[in-house]
Structures are given as structure tokens and as C-alpha cells.
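Chain A is the first sequence line, chain B the second, and so forth, proteins listed ahead of strands; every chain is numbered from 1.
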2 protein chains.
Amino acid sequence: MSVSTENFIKAIYLQNQREGTDVKPGTLAKMLRITNAASTDMARSLAAKNLIVYTKYKPLSLTPEGQLLAMNVLRKHRLWETFLHQTLQLSLHEIHREAEMLEHFTSDFLSEKIDCFLGYPATDPHGDPIPTADGQARNDAQSIALSTADAGKIYTIVRLFSSDADFFDFCAANHIALNSEIKLERHFEHQKMSEISIKGQHLVLNETFTKVIYVQTKS
Amino acid sequence: MSVSTENFIKAIYLQNQREGTDVKPGTLAKMLRITNAASTDMARSLAAKNLIVYTKYKPLSLTPEGQLLAMNVLRKHRLWETFLHQTLQLSLHEIHREAEMLEHFTSDFLSEKIDCFLGYPATDPHGDPIPTADGQARNDAQSIALSTADAGKIYTIVRLFSSDADFFDFCAANHIALNSEIKLERHFEHQKMSEISIKGQHLVLNETFTKVIYVQTKS
DNA sequence: ATAATTTTTTAAGCTCACTTAACTTTTAAT
DNA sequence: ATTAAAAGTTAAGTGAGCTTAAAAAATTAT
């Protein structure tokens with residue numbers, strides 16, 4: 001599969017995960033920095049290849065074949081991120097950019113070797129689950145997005161589900177990191193903003209951020 | 001630069017190295033498994049980009065810019081080969097295939113990290129010199145191709161300058177490996193074939209093979 | 001030196017992954 | 001419910017990197 005195809009399929013999967021919401025060509029166009037026209041075109045052509053289900057003006061979804069492809073690309077991406085971070089000491093800021101390229105040019109054979117070398121990790125350095133070689137998503141059942149968490153409770157950060165450099169810059173500047181303790185002080189209005197405290201510091205986060213910070217109740 | 005461009009430039013460089021001879025579109029077409037027409041087309045377009053010097057019906061050569069690009073791609077290729085072999089335990093058979101893909105999608109930043117991790121090696125697992133970050137070829141002055149070596153003398157194998165899987169299979173099956181001792185028994189006829197002995201075994205090699213086995217006089 | 005063969009080049013055409021521009025459908029606002 | 005705005009779609013066109021087929025030049029064989 002081509003780079004464009006893999007990225008399109010991956011974007012559908014990720015968007016479905018991050019927001020529960022419908023995915024339409026426009027959303028993907030923004031994610032992939034192409035025009036709506038190109039996105040619609042791609043949707044039609046991938047539907048013809050039986051990778052996605054697509055009817056004009058309706059939301060897109062992955063077929064089982066598309067899902068498998070998404071898992072395979074995401075597996076390679078996350079294995080590379082883990083590898084680049086653990087072995088080559090690249091920072092959390094740097095790994096995404098490199099993995100974004102390498103994921104498309106890594107054979108199944110090589111990804112197996114990397115997986116083996118790393119000792120079959122379950123998650124990457126952002127806490128994102130690494131799909132298995134047979135295409136299973138390996139979902140973390142007990143973690144929830146901060147946006148859906150309860151005000152007043154204390155949680156542990158288990159996942160930073162983003163690929164936005166600005167978000168990671170913000171995290172680095174504000175002690176938001178995996179395994180850190182975080183208190184959700186309160187949600188404002190219709191959950192559009194939330195106040196948290198971390199390492200004694202109080203912060204107000206917008207919805208975009210609270211949707212990608214995944215937490216678990218302290219056990 | 002695109003994958004096609006990088007491969008074209010790399011092929012010119014490698015062909016110049018392996019045979020001292022002229023490189024014309026047909027040679028590159030065979031190496032890259034494209035038609036002569038496509039090769040000629042590519043030559044014209046890369047000349048327009050000032051990467052190669054090209055006049056109709058004449059041999060091609062690299063400009064300084066083209067040379068730099070070749071060094072950069074080759075550097076990444078050989079760093080990956082070294083890394084895949086040393087760190088991920090891929091065999092000499094497997095590393096070329098993977099490096100051939102990864103070389104085109106590796107930032108200068110990442111290749112630096114790999115180089116550092118490996119301790120700035122001078123050669124890859126085939127004995128091929130790894131160009132420096134500033135684009136120097138790092139040539140091994142004292143090694144020569146077996147085809148130009150003296151009959152009756154004993155040498156040490158220092159480089160297997162090939163990317164042909166069949167050649168490496170042959171090497172593996174006949175104890176031809178880096179640092180092995182090899183005796184050049186004699187050249188037949190117009191140097192088209194040569195007899196060697198290695199680990200007590202006598203073999204006759206064709207010119208293609210003797211041109212890619214590089215040796216040094218035992219010191 | 002001439003002819004036969006091989007190599008190189010040109011021309012026309014294809015697919016992929018885009019673009020812009022015009023148009024249609026859906027969604028949101030009043 | 002109607003209308004304005006936003007989103008989605010279609011159509012036409014582009015450039016890269018190929019292909020096949022035909023023509024031109026260079027090489028080789030006699």
C-alpha cells in the first residue's frame with residue numbers, strides 16, 4: 001500500500017479513537033493537509049479497494065481489511081517510537097517525526113525483530129498501545145480520557161494520545177508526563193474546559209487537551 | 001529528493017566505483033529495473049536539477065551536488081546496515097533489503113544519532129566505507145579488487161562490495177567472509193576467471209565476483 | 001566500409017496523488 | 001421553513017515516474 005493510502009487509513013482509525021464522532025473527508029483533509037477534493041477522491045478509491053466503507057455525504061469507516069492495515073501501520077509507528085526513544089535516546093518530541101516516515105518502509109519481518117529486541121512492549125513512550133503482530137488493537141480497558149473523568153478525584157496519567165508537537169511542548173513545560181499524579185479539580189460549563197492540579201500547580205486545559213490525556217484512578 | 005532520484009544518483013556512483021567504466025542510461029536501467037526510456041528521461045531531468053552532467057549519447061557523471069547526495073544516501077544505507085546487523089542481529093543477507101528502503105526516509109538528524117550510537121564506525125558489515133556526515137567518501141586506499149591482485153599471493157578479505165543476494169549466498173556457502181585469509185592461485189586467460197583457495201578449498205570465480213571481493217596483502 | 005545489431009532517444013500515453021474552480025448537498029442559523 | 005454558510009463532490013488539469021512503440025545514433029561484426 002502507498003504512503004498516502006496508509007496515512008489515510010491511519011487517520012480514519014486515529015480520529016475514530018480520539019473523538020468517538022463521525023469521520024468525513026473534511027476532517028481527514030485537515031489532518032493530512034490535503035484539499036477536501038483530494039480527500040473525497042481518496043475515499044472513493046479506497047472504497048473501491050475494499051479498505052473503507054464509503055457512501056457519498058456519509059461518514060467513513062474501515063472495513064476489516066482497512067482495520068488490519070491501520071493496525072499494521074500503527075504497530076510499526078509505535079514500535080519505532082519505542083525503539084528510537086529507548087535505544088537511540090531520542091526525546092518524546094523527536095520520535096513522532098521520524099516514526100511517521102519509517103512506519104511506511106518497514107517490513108513485517110523488521111517490525112518483528114524490533115518487537116523482539118524491545119521485549120514485546122505493550123505500549124510506546126506516549127502510553128499508546130502497540131497493536132500485536134496479528135493485528136489486535138490491545139486496548140487499555142481501565143483508562144479514560146480526562147474529559148470524561150470525575151471532578152475532585154486524583155488520577156495517574158497513563159497515556160498522552162496526541163501527535164501534536166505543541167501539545168507535547170505544553171506537557172513538557174507543565175510536568176504533564178506519563179505516570180504523574182494529576183488531580184482533576186473541576187469541569188467548567190459544558191465540559192469545554194477543565195481545571196487540574198499537578199505537582200502543586202493549577203492549570204486550565206481546553207477540551208482538545210483533556211480528550212488526549214488518558215488517566216487511571218490511583219489504585 | 002525523491003526515492004527515484006536518490007536511487008538513480010546512487011546507482012551512478014556505485015557503478016562508477018565497481019567498474020571504472022562509463023555509465024550510460026542502459027546500465028542504470030538494468031540496475032534499477034526500469035526501461036531505457038525511463039532512464040534517459042531521468043538523466044535529462046536530473047541534469048536540469050544540476051545533479052548530474054549529461055549530454056545525449058554520452059556517459060553520465062555526478063556534479064558536486066550529485067556526489068554529495070550519493071554520499072548522503074550511501075551513508076544512511078550503510079549506517080542502517082551496520083545498525084541492523086549489530087543491534088538487531090539481522091544477517092548479512094537481510095540487512096541490504098531493509099536498508100534499501102530506510103535510507104530514503106531517514107533524516108540527517110536520525111542518521112547522526114545512529115552513527116553516534118554505533119561509535120562512528122568506518123565501515124559497514126560488508127566492509128563498505130561509511131561516508132562521513134559532511135559527505136566525504138572515506139576511501140580505503142590499500143585495498144584492491146581480487147581481479148587486479150597478484151597470482152600466488154595470500155590476502156585478507158576486507159570488503160564484499162555487492163548487493164546481490166546470490167553473491168552473498170555463494171559467499172556464505174564457501175567460507176568467503178570479511179577477515180578471512182584467501183590465496184589467489186591464478187588468473188585464467190584474459191583475467192575472465194580466477195582460481196582461489198580459502199579454508200583449504202579451491203574455487204574458480206568469475207570476473208563479476210572477483211571485481212567485488214576486495215583484499216589486502218597480509219601484513 | 002558497409003551492414004547488422006544494440007543502445008539511446010523521442011513521442012505518446014498511463015496511473016497516482018494531488019491541485020483549483022465550479023457545483024451540489026448537508027448543516028446551522030434565524 | 002427558509003436561507004446562509006459550510007462541507008462534500010465533480011470536473012478538469014498538473015507533475016512525477018513510469019510504460020510501449022517507433023526513430024535515430026552508436027557500436028560491432030563481417
Side-chain angles (χ1 to χ4, degrees), chain A residues 1-12 15-16 19-62 65-66 69-70 73 100-101 103-105 190 192, chain B residues 1-12 15-16 19-62 65-66 69-70 73 100-101 103-105 190 192:
Chain A
M1 294 295 140
S2 70
V3 173
S4 301
T5 297
E6 291 186 351
N7 281 334
F8 198 85
I9 295 290
K10 188 180 65 167
I12 295 172
Q15 191 56 19
N16 262 325
E19 320 276 330
T21 179
D22 286 352
V23 181
K24 287 188 183 170
T27 321
L28 298 168
K30 265 170 216 139
M31 292 174 81
L32 301 168
R33 298 163 185 279
I34 57 177
T35 59
N36 283 5
S39 191
T40 299
D41 246 36
M42 200 65 177
R44 193 160 12 77
S45 100
L46 296 189
K49 288 177 185 156
N50 202 35
L51 290 170
I52 70 175
V53 178
Y54 169 62
T55 323
K56 278 203 278 186
Y57 302 106
K58 294 271 148 54
L60 318 171
S61 62
L62 298 176
E65 289 91 328
L69 179 56
V73 177
E100 201 67 14
M101 314 260 280
E103 61 184 3
H104 306 292
F105 303 96
H190 302 286
K192 290 290 176 205
Chain B
M1 293 297 142
S2 71
V3 173
S4 300
T5 296
E6 291 186 351
N7 281 334
F8 199 85
I9 295 289
K10 187 179 66 167
I12 295 173
Q15 191 57 19
N16 263 326
E19 320 276 332
T21 181
D22 285 352
V23 182
K24 285 190 186 170
T27 322
L28 298 168
K30 265 171 214 137
M31 292 174 81
L32 301 169
R33 297 163 185 280
I34 57 177
T35 60
N36 284 4
S39 191
T40 299
D41 245 36
M42 200 67 176
R44 194 162 10 78
S45 99
L46 296 190
K49 288 177 185 155
N50 202 35
L51 290 170
I52 70 175
V53 178
Y54 169 62
T55 324
K56 279 204 276 186
Y57 302 106
K58 295 273 149 53
L60 317 171
S61 62
L62 297 177
E65 289 90 328
L69 179 57
V73 176
E100 202 66 16
M101 313 260 279
E103 62 185 2
H104 306 294
F105 303 95
H190 303 287
K192 289 290 174 206

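- Considering CG of A:Leu32 and CZ of A:Phe8, their distance stands at 7.0 Å, rounded to 0.5 Å.
- Screening residues 22-37 of chain B for salt bridge (charged side-chain N to carboxylate O under 4.0 Å, His left out) gives no qualifying pairs among residues at least two apart or on separate chains.
- One finds the CG atom of A:Leu46 at 7.0 Å from the CD1 atom of A:Ile12 (value rounded to the nearest 0.5 Å).
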Could you please spell out the steps behind the side chain to side chain contact (heavy atoms under 4.5 Å, CB included) verdict for A:Met31 and A:Asn7?
CA-CA 10 Å; A:Met31 292 174 81; A:Asn7 281 334; over 6 Å; no
Going 5' to 3' along nucleotides 9-28 of chain C, which nucleotides have protein heavy atoms under 4.0 Å from the base (write B), which only from the sugar-phosphate (write S), and which from neither (write -)?
BB------SBBBB---SSS-
Stepwise side chain to side chain contact (heavy atoms under 4.5 Å, CB included) test for A:Thr5 and A:Leu69:
CA-CA 10 Å; A:Thr5 297; A:Leu69 179 56; 4.3 Å; yes
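- A:Lys10 pairs in a side-chain hydrogen bond (donor to acceptor under 3.5 Å, both in side chains) with only one of the listed residues (A:Glu103, A:Gln15, A:His104), which is A:Glu103.
- Per the geometry, CG belonging to B:Leu28 stands 13 Å off C1' belonging to C:dT8, to the nearest Å.
- Think of the region where chain A sits on DNA chain D: with heavy atoms and a 4.0 Å cut, that region ends 5' and 3' at D:dG8 to D:dT10.
- Around CE of A:Met1, the count of heavy atoms belonging to other residues, nucleotides or ligands within 6.0 Å does not exceed 12.
- For the pair A:Leu62/A:Asn16, no side-chain contact is recorded, criterion being any heavy-atom separation below 4.5 Å from C-beta on.
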